[in-house]
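Report on the structure given below.
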Protein chains: 2
Amino acid sequence: MSDLAAALEVVGARWALRIVERLLDAPQRYGDVQRDLGVPTNMLATWLRELEEAGVLVRLPLRHNTRAYTLTERGLALREAIEALAKWGAAGE
Amino acid sequence: MSDLAAALEVVGARWALRIVERLLDAPQRYGDVQRDLGVPTNMLATWLRELEEAGVLVRLPLRHNTRAYTLTERGLALREAIEALAKWGAAGE
DNA sequence: CTGCATCCGGAATGATACTG
DNA sequence: CAGTATCATTCCGGATGCAG
């Protein structure tokens with residue numbers, strides 16, 4: 001399998017890159033991501049789990065039954081790809 | 001909509017980026033892409049059309065009822081994003 | 001023989017109600 | 001707040017057919 005295909009296996013689904021982008025600058029809670037992104041709650045739960053298993057992010061417990069989703073080094077390494085894609089999208093207007 | 005979401009609207013489907021990657025270095029014919037990529041024939045037809053409408057590639061008629069699919073400037077501008085993603089995928093082994 | 005279109009089952013995604 | 005359960009919808013992929 002090509003390197004590109006390997007990457008898309010992990011972050012190629014509809015919401016994966018958008019979730020990661022949302023976490024690039026700071027950890028976020030579940031509800032923050034859901035509201036800001038407009039992602040269906042079951043899809044968010046599904047992909048947060050997938051991305052955690054892929055080592056892209058980790059779930060840090062806060063107080064009061066809340067968690068902070070934080071990118072790992074591997075997740076932060078997606079910044080270049082995300083910014084390149086966003087730049088391409090911006091040029092398409 | 002964010003720039004990233006705009007980009008993913010065009011190249012976020014399962015095969016879009018792989019097709020573009022295959023065309024980065026040289027134009028390819030339909031059958032070449034299909035065999036090398038292992039993409040189902042109906043999906044290839046669908047996404048070649050979508051990508052053509054999005055201005056990412058053009059279809060140049062060759063002789064003998066074949067066509068050469070060639071990236072436009074806009075399509076070639078995806079190289080940075082594709083290489084960044086491939087690099088990330090390669091680092092994940 | 002290459003480049004598709006169509007049909008159809010299964011997988012992915014989405015809306016929404018409900019729970020710890 | 002942070003999810004799960006359920007069901008509808010939409011997308012994807014393999015088989016097949018057919019035209020240039």
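Predicted model, so just to flag it, every value in this text is computed and none were measured. Proteins come first, then strands; the chains are lettered A, B, ... in the order of their sequence lines, and each starts at number 1.
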Checklist entry - To 10°, what angle do the rotation axes through the five end pairs on each side of the helix from C/dC1-D/dG20 to C/dG20-D/dC1 form? => result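 For the helix from C/dC1-D/dG20 to C/dG20-D/dC1, the axes at either end differ by 40°.
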Next on the checklist: B/Ser2 vs A/Arg18, test: side-chain contact (heavy atoms from CB on, under 4.5 Å). Steps then yes/no.
Outcome noted: CA-CA 9 Å; B/Ser2 77; A/Arg18 301 179 222 226; 6.0 Å; no
How many angstroms lie between [atom1] in [X] and [atom2] in [Y], if you round to the nearest 0.5 Å?
X: B/Glu80; Y: B/Leu85; atom1: CD; atom2: CG; value: 11.5 Å
X: B/Leu8; Y: A/Arg14; atom1: CG; atom2: CZ; value: 8.5 Å
X: B/Leu78; Y: B/Leu24; atom1: CG; atom2: CG; value: 8.0 Å

Next on the checklist: Under the salt bridge (Lys or Arg N to Asp or Glu O under 4.0 Å) definition, can you give me all pairs with a residue in residues 67-77 of chain B, not counting sequence neighbours?
Outcome noted: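 Output for this query is empty, none listed.
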Checklist entry - Does any residue of residues 24-31 of chain B have a heavy atom under 4.0 Å from DNA chain D, and if so, which ones, in number order? => result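 Correct list: empty, so none.
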Checklist entry - For DNA chain D, which residues in residues 43-69 of chain A have a heavy atom at a distance below 4.0 Å? => result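 By residue number: A/Ala45, A/Arg49, A/Arg59, A/Asn65, A/Thr66, A/Arg67, A/Tyr69.
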Next on the checklist: With heavy atoms of chain A within less than 4.0 Å as the criterion, where does contact along DNA chain C begin and end?
Outcome noted: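 The protein-touched segment is C/dT13 to C/dG20.
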Item to check | side chain to side chain donor-acceptor pair (under 3.5 Å) involving B/Arg22 - partner list, sequence neighbours excluded | outcome: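 In terms of side chain to side chain donor-acceptor pair (under 3.5 Å), with neighbours along the sequence ignored, B/Arg22 is linked to B/Asp36.
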Item to check | Under the salt bridge (charged side-chain N to carboxylate O under 4.0 Å, His left out) test, residues paired with B/Arg35 that sit two or more places apart | outcome: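 Once residues adjacent in sequence are excluded, the partners of B/Arg35 under the salt bridge (charged side-chain N to carboxylate O under 4.0 Å, His left out) criterion are B/Asp32.
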Next on the checklist: Run the salt bridge (charged side-chain N to carboxylate O under 4.0 Å, His left out) test against A/Glu83 and tell me which residues pass, sequence neighbours left out.
Outcome noted: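 By the salt bridge (charged side-chain N to carboxylate O under 4.0 Å, His left out) rule, A/Glu83 matches A/Arg79.
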Heavy-atom pair of closest approach, residues [X] and [Y]:
X: A/Ala68; Y: A/Pro27; result: CB-CB, 4.3 Å
X: B/Ala84; Y: A/Ala81; result: CB-CA, 3.6 Å
X: B/Tyr69; Y: B/Leu23; result: O-CD2, 3.6 Å

Item to check | Connected-component partners of A/Val58 among ILVMFWY, side-chain separation under 4.5 Å | outcome: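 Members alongside A/Val58: A/Leu60.
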Checklist entry - Cluster partners of B/Met1, using ILVMFWY side-chain heavy atoms under 4.5 angstrom, listed by chain and number? => result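 When side chains under 4.5 Å apart are linked, B/Met1 ends up in no cluster with other residues.
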Next on the checklist: What verdict does the side-chain contact (heavy atoms from CB on, under 4.5 Å) test give for B/Trp88 and A/Asp3, after you've listed the backbone C-alpha separation in whole Å, the side-chain angles of each residue and the deciding distance to 0.1 Å?
Outcome noted: CA-CA 8 Å; B/Trp88 187 84; A/Asp3 295 335; over 6 Å; no
Enumerate, atom names and distances included, each donor-acceptor pair closer than 3.5 Å involving a side-chain atom of residues 38-57 of chain B, sequence neighbours excluded.
| residue | atom | partner | partner atom | Å |
| --- | --- | --- | --- | --- |
| B/Thr41 | OG1 | B/Tyr30 | OH | 2.9 |
| B/Thr46 | OG1 | B/Asn42 | O | 3.0 |
| B/Glu52 | OE1 | B/Arg59 | NH2 | 3.2 |

Checklist entry - Hey, where on DNA chain D does chain B first and last touch, going 5' to 3'? Cut-off is any atom under 4.0 Å from a heavy atom. => result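 Footprint of chain B along DNA chain D, 5' to 3': D/dC12 to D/dG20.
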